[in-house]
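One structure is given below, encoded as structure tokens.
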Number of protein chains: 2
Amino acid sequence: MTLDERKFMILKAIIDDYIMTAMPVGSRTISRKSGVGFSPATIRNEMSDLEELGYLAQPHTSAGRIPSNKAYRLYVDQLLHINGITPEEKIRIDRYMHDRSQQVEEMIRAAANVLSDATQYTSVIVAPQIRSLRIRRVQLVKVSDTMALMIVVTNAGIVKDAAVRIPEGITSEHLFRISEMLTEQLQEHTLSEVRQIFAQMFRDLSTHRRLLGGVMSAMEEKLVEDAPEDIIVGGTTKMLNYPEYSDVEKAKNFLSIFESKDRLAGLLKKSGGMEISIRIGPENEIEELKDCSLVTATYRVGSHGKGTLGIIGPTRMNYRRVLTVMDYMGHVISNLLSGE
Amino acid sequence: MTLDERKFMILKAIIDDYIMTAMPVGSRTISRKSGVGFSPATIRNEMSDLEELGYLAQPHTSAGRIPSNKAYRLYVDQLLHINGITPEEKIRIDRYMHDRSQQVEEMIRAAANVLSDATQYTSVIVAPQIRSLRIRRVQLVKVSDTMALMIVVTNAGIVKDAAVRIPEGITSEHLFRISEMLTEQLQEHTLSEVRQIFAQMFRDLSTHRRLLGGVMSAMEEKLVEDAPEDIIVGGTTKMLNYPEYSDVEKAKNFLSIFESKDRLAGLLKKSGGMEISIRIGPENEIEELKDCSLVTATYRVGSHGKGTLGIIGPTRMNYRRVLTVMDYMGHVISNLLSGE
DNA sequence: GTTAGCACTCATCTTGATCGAGTGCTAATC
DNA sequence: GATTAGCACTCGATCAAGATGAGTGCTAAC
């Protein structure tokens, strides 16, 4: 048995309906739909076939059918064609984003809001991976006699700071000179390259070794290694609007995902190089997401550096809408971050 | 009719029981409790009186009684005596907090976690009000030919940054000189005082007016006025563990409070000067909190500057525990912030 | 190949009976 | 006069039985 034209059509109709209503779809419902010129009985036969093929499932004998994960997979791979974002929405988003594109953090936050507002699902954005960004300036700011604050400005405008212990007797004038020197050396390099450059500097220099050592280890530890993944989540509670989560236990389970950013980071990283990735139900390795789909896309910052944006919703999410919005927002974020 | 010793005792027993179980309390339950040497019938008479006085309510005739908001008010005002935090817990908290006291933001976040872990309710912490903090350093860092980043370090170690447009042709050397000058002028003043100082500077100076104007307005707008209240929330989903919120609608309602930080900020500010404030049910003006209690305390940063920490839980929260933990954490935060 | 017809299934809703925790009142007891 | 035992009563919760209806699978007719 193979999937002919008609089976495709019926399956698509079922999925479309189920995405809207979250209720098992019966043969009559499909038959009534304009464009499907068959009686419920015929549909039933086809549905029976589709069930045998693993695309549909029945919650119980006298209920309608619901799509299986396999069906969604087919749906997103073959049955779905993205329609572009509407001009009105484009304008609305552009305007909103333009107003808050000054500071990166704020921009990302705004983007997360846009994503979850536009899709009505939970959105997740991973800030650009700091280690792949290019350093634009390094500046040491004296805070007390023994402490300075190291500020690193990158090409995406992202500012990171870390406390550095400084030897006593260093004036702010000294710190400025050293900052200038550091900036000169590190400019245009990525944070992941600093180690080598520092090694070189250590060879060339005799003074301020201790201070530089402190700066280097602060960069490495605080900015590269320890750096807690900067993850912004939007619309966490949107999920509670869907009948799938009308049970508090399920809701709690879902919300718990967002309590540990580390876990979330791991999850999002998996999507790796892909331009756009869709993971349906158990394709996510996280137990709590086995009834959810995760759609992720990557955005780029200049030639280096990239981050991830994602939408988490029920497996019966409106993939078309989500893909449309994601696609557009991916570009918006890339442009805003690269433009600065 | 007045509240004699025995009525107090019975009321307290009912509240204590209800706080534990969230179930209407019957006369038998109270009678069984050791320390209450009366039969259910006697208790019933007293309960009937207490109901008439407005301290108890009956969900329906054949159920037990539940405490009214008035009862909680009496409870926290008169019946409750705080017991100190246990040494073990003190050590646990101290250790946890000590490990993350380097960066203010991280420390506040850690404190929010401690609060919600220790109480099992949702915690909220408002970061120190930036406008009342003393400036320690101001530094302008060149980011591009036309933009600089203004970094303000305060006495609490809190770093704020804002983008400032700079006239072309300004070198980083210039910026450093100006930063030194600004630091000298503004040091030890609070952000709310900068306007006057700038006015003075404008009078005295003839050069760099445009740049200084930009710096001033950035300080005023981005750091003082616009500054979105820095609010950290911990354990948002803790509330879902309580039977009061086993209904998704209620849960959604509750969680929506945390979607708008502005509203939350307004709510927390109300507690104003009070050392510790307890608002029960409708005493909170926010509709969504009419079944919740909000306990807030203030912490101080040095002589100036203060912030708020709070716990939000059901009206039947364990006030004793909450007050104990809050009291301790208030001191911990004050010390950590003032010590730096 | 398609569809009308029909028996069958099964979750959901409704109804009514039962249960039991808890009350309020009265009369007996301390 | 305060306390308590006794008892009728209330009312939500629980459960079983029946009715309802959406939907299926199968067969036979078109």
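Letters A, B, ... mirror the listed sequences (proteins, then strands); counts begin at 1. These values consider heavy atoms only, across backbone and side chains, with no hydrogens, waters or symmetry-generated copies.
- Remark: C1' of C:dA4 and CZ of A:Phe38 are 16 Å apart, rounded to the nearest angstrom.
- By the salt bridge (charged side-chain N to carboxylate O under 4.0 Å, His left out) test, B:Glu244 pairs with B:Arg316, sequence neighbours left out.
- The residue A:Arg28 sits apart from the nucleic acid: no heavy atom pair falls under 4.0 Å.
- Taking the salt bridge (charged side-chain N to carboxylate O under 4.0 Å, His left out) definition, one finds that B:Glu249 meets it with B:Lys252, sequence neighbours left out.
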Going by atom type alone, with no hydrogens or angles, which donor-acceptor pairs under 3.5 Å involve a side-chain atom of residues 12-22 of chain B and a protein atom two or more places apart or on another chain?
{"from": "B:Lys12", "atom 1": "NZ", "to": "B:Asp16", "atom 2": "OD2", "distance (Å)": "3.3"}
{"from": "B:Asp16", "atom 1": "OD1", "to": "B:Tyr75", "atom 2": "OH", "distance (Å)": "2.7"}
{"from": "B:Thr21", "atom 1": "OG1", "to": "B:Asp17", "atom 2": "O", "distance (Å)": "3.1"}
{"from": "B:Thr21", "atom 1": "OG1", "to": "B:Met23", "atom 2": "N", "distance (Å)": "3.2"}

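- Contacts of A:Gln58 classified as side-chain contact (heavy atoms from CB on, under 4.5 Å), with partners at least two apart in sequence or in another chain: A:Glu51, A:Arg65.
- Using a 4.0 Å cutoff to heavy atoms of chain B, the contacted part of DNA chain D runs 5' to 3' from D:dT3 to D:dG12.
- Among residues two or more places apart in sequence or in another chain, the salt bridge (charged side-chain N to carboxylate O under 4.0 Å, His left out) test is passed with B:Arg92 by B:Glu89.
- Between A:Ile43 atom CD1 and C:dG1 atom P the separation is 16 Å, expressed in whole Å.
- Contacts classified as ring-ring contact (aromatic ring centres under 6.0 Å, His included) and involving residues 235-256 of chain A (residues at least two apart or in different chains) are given here: A:Tyr121-A:Tyr242, A:Tyr245-A:Phe254, A:Phe254-A:Phe258.
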Can you name the atoms? Protein N/O to nucleotides 8-17 of chain C N/O, anything below 3.5 Å, with the distance.
{"from": "C:dT9", "atom 1": "O3'", "to": "A:Thr61", "atom 2": "OG1", "distance (Å)": "3.1"}
{"from": "C:dT9", "atom 1": "O2", "to": "A:Ser62", "atom 2": "OG", "distance (Å)": "3.3"}
{"from": "C:dC10", "atom 1": "OP1", "to": "A:Thr61", "atom 2": "OG1", "distance (Å)": "3.1"}
{"from": "C:dC10", "atom 1": "O5'", "to": "A:Thr61", "atom 2": "OG1", "distance (Å)": "3.3"}
{"from": "C:dC10", "atom 1": "O4'", "to": "A:Ser62", "atom 2": "OG", "distance (Å)": "3.1"}
{"from": "C:dC10", "atom 1": "O2", "to": "A:Ser62", "atom 2": "OG", "distance (Å)": "3.1"}

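- Toward the 5′ end of DNA chain D lies the nearest nucleotide of B:Arg6, the other residue of the pair B:Arg6 and A:Arg65 mapping further downstream.
- What separates CG of A:Asn45 from C1' of C:dA4 is a distance of 13 Å, to the nearest Å.
- Remark: P of C:dG22 and CE of B:Met47 are 9 Å apart, rounded to the nearest angstrom.
- Both the sub-6.0 Å distance and the 45° axial angle are not jointly satisfied by B:Arg44 relative to the ring of B:Phe38.
- Applying the side-chain contact (heavy atoms from CB on, under 4.5 Å) test to A:Asp77 and every residue at least two apart in sequence or in another chain returns A:Arg73.
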